[in-house]
There are 2 protein chains.
Amino acid sequence: MNLKQLSELLGLSQTTVSRALNGYPEVNEDTRERVLRAVKETGYRPNKAAQRLATGKAGSIGLVMPTAPGHQSDVHFGEFLTGLGEEAVRHDFHFVIMPADPDDEVAALRRLAISGNVDALFVAYMRGHDPRLAMLKSLSMPFVVHGRSFGTEPDYPYLDIDNEAAFNDATRLLLQLGHTRFALMNGPAHLDFAIRRRNGVVAALAERGLELAEDCTSHSVMSDEEGLIAMERFLQLPERPTAILCSSTVLALGAIRAVNQAGLKLGEDISLIAHDDVLPLLKPENFSVPLTTTRSSLRAAGVRIAQRLIGTVKQAGPFPEQELWKTELIVRASTGPAPQA
Amino acid sequence: MNLKQLSELLGLSQTTVSRALNGYPEVNEDTRERVLRAVKETGYRPNKAAQRLATGKAGSIGLVMPTAPGHQSDVHFGEFLTGLGEEAVRHDFHFVIMPADPDDEVAALRRLAISGNVDALFVAYMRGHDPRLAMLKSLSMPFVVHGRSFGTEPDYPYLDIDNEAAFNDATRLLLQLGHTRFALMNGPAHLDFAIRRRNGVVAALAERGLELAEDCTSHSVMSDEEGLIAMERFLQLPERPTAILCSSTVLALGAIRAVNQAGLKLGEDISLIAHDDVLPLLKPENFSVPLTTTRSSLRAAGVRIAQRLIGTVKQAGPFPEQELWKTELIVRASTGPAPQA
DNA sequence: AATGGCTTCCAAAGCGCTTTCAAATATGTA
DNA sequence: TACATATTTGAAAGCGCTTTGGAAGCCATT
């Protein structure tokens with residue numbers, strides 16, 4: 001059943017039926033009702049491809065999913081997606097997901113944009129000096145970035161958490177507890193959040209004349225395995241760090257295993273603060289020693305970004321172009337006074 | 001730049017250019033090269049919406065993502081998606097993801113199918129007597145199901161693992177080790193895999209004249225929290241089970257925390273076998289007591305299903321309609337002889 | 001009766017592609 | 001040379017929708 005058939009059935013023109021369906025004012029209310037009733041009865045659904053061809057709008061937002069053989073699937077990605085979805089479903093929007101090799105991000109994003117399959121783009125996994133930004137700006141397609149790109153003028157629409165402040169605060173707390181030997185277990189070095197978190201730590205330490213040693217910094221994918229490996233390395237240092245900052249509760253999972261295996265006590269021998277993305281699977285309060293965390297819900301961020309994106313497509317703005325969310329510092333049992341040497 | 005402009009530029013008809021691009025044989029090789037070169041230079045990309053309208057093919061596979069405020073995002077889902085993506089990217093396919101309330105699955109799937117945005121459907125989270133199957137069959141759109149639907153004639157295309165055999169084998173192993181008091185920590189009761197796994201356990205026990213007690217069975221979302229809760233319940237039973245079968249390593253995570261908190265030793269006081277979906281985040285060999293598991297890679301299943309789906313759309317079949325994968329039973333340290341009473 | 005302004009509807013022109021059908025040219029055969 | 005057969009190209013008709021530019025009918029106003 002297509003528009004032509006439906007209009008013939010009703011003895012109306014396609015024009016009128018189309019207008020009736022799309023809520024245009026210049027159609028008699030009686031006629032509109034007649035049309036709506038016929039739609040119900042016949043089960044007519046407009047062909048999306050035709051609609052898109054005619055209007056240019058697709059009712060969908062696009063995103064690139066980093067993937068490759070051997071590439072780790074990321075819980076954070078799934079959690080964020082859930083947030084996006086939660087909002088999208090309210091507006092009858094869907095996603096178009098373009099899987100792409102992480103090294104091919106720029107090209108994949110461009111392909112997605114010009115594919116004509118999406119009205120707006122969402123971009124994550126921001127890097128320092130991210131090359132995608134220039135491309136996005138040249139595209140004249142609405143987009144929102146999750147995170148920011150260190151070293152780039154922040155004149156693009158983004159939603160980010162204040163990573164620097166979060167890790168600055170966390171470091172300060174540990175300094176107040178008397179710690180002097182710090183280590184940072186971070187995400188991949190090129191990612192924006194990793195850069196900023198490191199800066200936050202370094203700045204807080206510098207105020208006390210302390211430095212973050214090279215061998216007390218690790219950069220890796222945020223899996224528990226990598227957390228284990230990094231922590232084992234830290235624990236073997238001659239001047240073992242007593243204060244650990246950790247970019248994810250997933251990393252912390254492995255780190256804590258290393259602490260236990262070394263026969264050390266979390267919150268006594270080693271203090272640890274992790275960033276908590278509020279993953280439903282990994283609640284810091286459920287750890288055997290509940291974790292002190294900097295918290296910000298990844299999922300809530302997803303909801304918010306979907307709101308902005310969909311709102312922009314539907315011209316339902318205006319939305320703030322830049323949003324910087326504060327994180328909460330939640331003190332639990334994994335932090336304690338520095339052990340006496 | 002559209003086809004018309006490109007063809008005018010080349011002094012050719014749209015027909016010829018279109019044919020050259022789509023690999024039709026009836027075009028001179030010199031002409032084809034000229035066209036291809038012009039495409040490179042101009043950066044021309046065919047409009048997907050128009051292409052779709054003309055051909056009816058969208059180059060995409062659709063799936064419904066269960067989501068709702070408060071709904072847990074599922075690591076298993078993300079991992080599977082990664083597998084699908086890995087294969088899709090090789091064929092320049094993408095996904096259209098329709099987020100939907102889990103209670104609205106049938107309708108959401110239908111909406112997705114008739115949206116005209118997808119060429120094929122993928123369906124997961126199968127239930128017993130799943131109502132989506134009848135709908136799918138009536139749709140005349142290719143689809144592949146991950147899992148099966150207990151109680152329904154298996155005459156639809158699926159890929160499943162042999163859940164019954166997996167849990168049957170696991171139970172047998174524990175029986176051989178002398179265990180007599182069993183508990184099953186399962187996924188949501190209405191899901192197909194949960195039904196079959198339970199059947200596998202029950203059948204193995206029945207051979208020895210044993211039964212699986214009602215209070216030794218738990219059904220829940222597969223999170224570590226639920227694992228903890230279920231295990232705590234098991235441990236408080238007067239006749240405490242010594243052999244635990246567990247539907248996911250995620251559940252096991254919580255279960256083991258409960259075991260530890262109770263001061264019991266895994267592999268001695270309590271034996272546990274979990275099903276391992278090969279989540280990169282949760283490797284059973286990395287548990288403090290390495291886990292005995294039944295293993296089957298969720299991601300590999302994703303790759304395979306994408307292959308079949310894309311192959312069908314591209315008419316590159318024939319593919320087997322039904323595939324049942326065996327799981328591997330991998331014995332590690334979490335299983336040991338039943339403790340003497 | 002003529003004019004103008006509303007309201008309500010329609011015919012037809014796209015949107016950018018694919019594909020059918022036909023024509024033009026090149027090649028081979030008797 | 002004449003004819004049949006490949007090979008290569010093109011004109012035009014869709015695909016199913018939206019939207020422009022009228023037009024018809026109706027009313028109130030001059």
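The figures that follow rest on heavy atoms only: side chains count, while hydrogens, waters and symmetry mates do not. Proteins get letters first, then strands, A, B, ... in listed order; numbering begins at 1 in each. Because the structure is predicted, anything quoted here is derived from the model rather than measured.
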- Is it the case that Arg52(A) and Asn117(B) place a side-chain donor and acceptor less than 3.5 Å from each other? yes
Where do N or O atoms of nucleotides 5-9 of chain D meet protein N or O atoms at under 3.5 Å, pair by pair?
from	atom 1	to	atom 2	distance (Å)
dT9(D)	OP1	Thr31(B)	OG1	2.8
dT9(D)	OP2	Asn28(B)	N	3.3

- Item | Residues that Glu41(B) engages under salt bridge (charged side-chain N to carboxylate O under 4.0 Å, His left out), provided they are two or more places apart | none
What does the list of N/O pairs under 3.5 Å between the protein and nucleotides 25-28 of chain C look like, with a distance for each?
none

- With sequence neighbours excluded, give me every side-chain hydrogen bond (donor to acceptor under 3.5 Å, both in side chains) pair touching residues 129-145 of chain B. Asp130(B)-Arg132(B), Lys137(B)-Asp155(B)
- Note on the structure: Tyr158(A) meets the ring-ring contact (aromatic ring centres under 6.0 Å, His included) criterion, sequence neighbours left out, with Tyr156(A)
- Message: Judged by each residue's nearest nucleotide on DNA chain C, which is more toward the 5′ side, Ala50(B) or Tyr24(B)?
- Response: Ala50(B)
- Message: Between Thr16(A) and Ser13(A), is there a side-chain donor-acceptor contact under 3.5 Å, judged purely by atom types and distance?
- Response: yes
- Query: Salt bridge or not for Asp160(B) and Arg148(B), using N-O below 4.0 Å?
  - Reply: yes
- Using a strict cut-off of less than 4.0 Å between a Lys/Arg side-chain nitrogen and an Asp/Glu carboxylate oxygen, indicate whether Asp104(B) and Arg111(B) qualify as a salt bridge. yes
- Kindly calculate the angle separating the two end axes of the helix from dA1(C)-dT30(D) to dA30(C)-dT1(D), each obtained from five base pairs, and round it to 10 degrees. 60°
- Before accepting this row, confirm whether a basic side-chain N of the pair Arg299(B)/Glu86(B) lies closer than 4.0 Å to the acidic partner's carboxylate O. yes
- Give a yes or no on whether a salt bridge exists between Glu323(A) and Arg308(A), defined as a side-chain N under 4.0 angstrom from a carboxylate O. yes
- Message: Regarding Thr55(A), tell me which of base, sugar-phosphate or nothing describes its non-hydrogen contacts under 4.0 Å with the strands shown.
- Response: sugar-phosphate
- Message: Measure CD/Gln14(B) against P/dA11(D) and give the value in whole Å, please.
- Response: 10 Å
- Message: Starting the side chain at C-beta, find the nucleotide from dC17(D), dT19(D), dA12(D) nearest to Thr15(B).
- Response: dA12(D)
- Between dG16(D) and Asn47(A), is there an OP1 or OP2 to side-chain N/O distance shorter than 4.0 Å? no
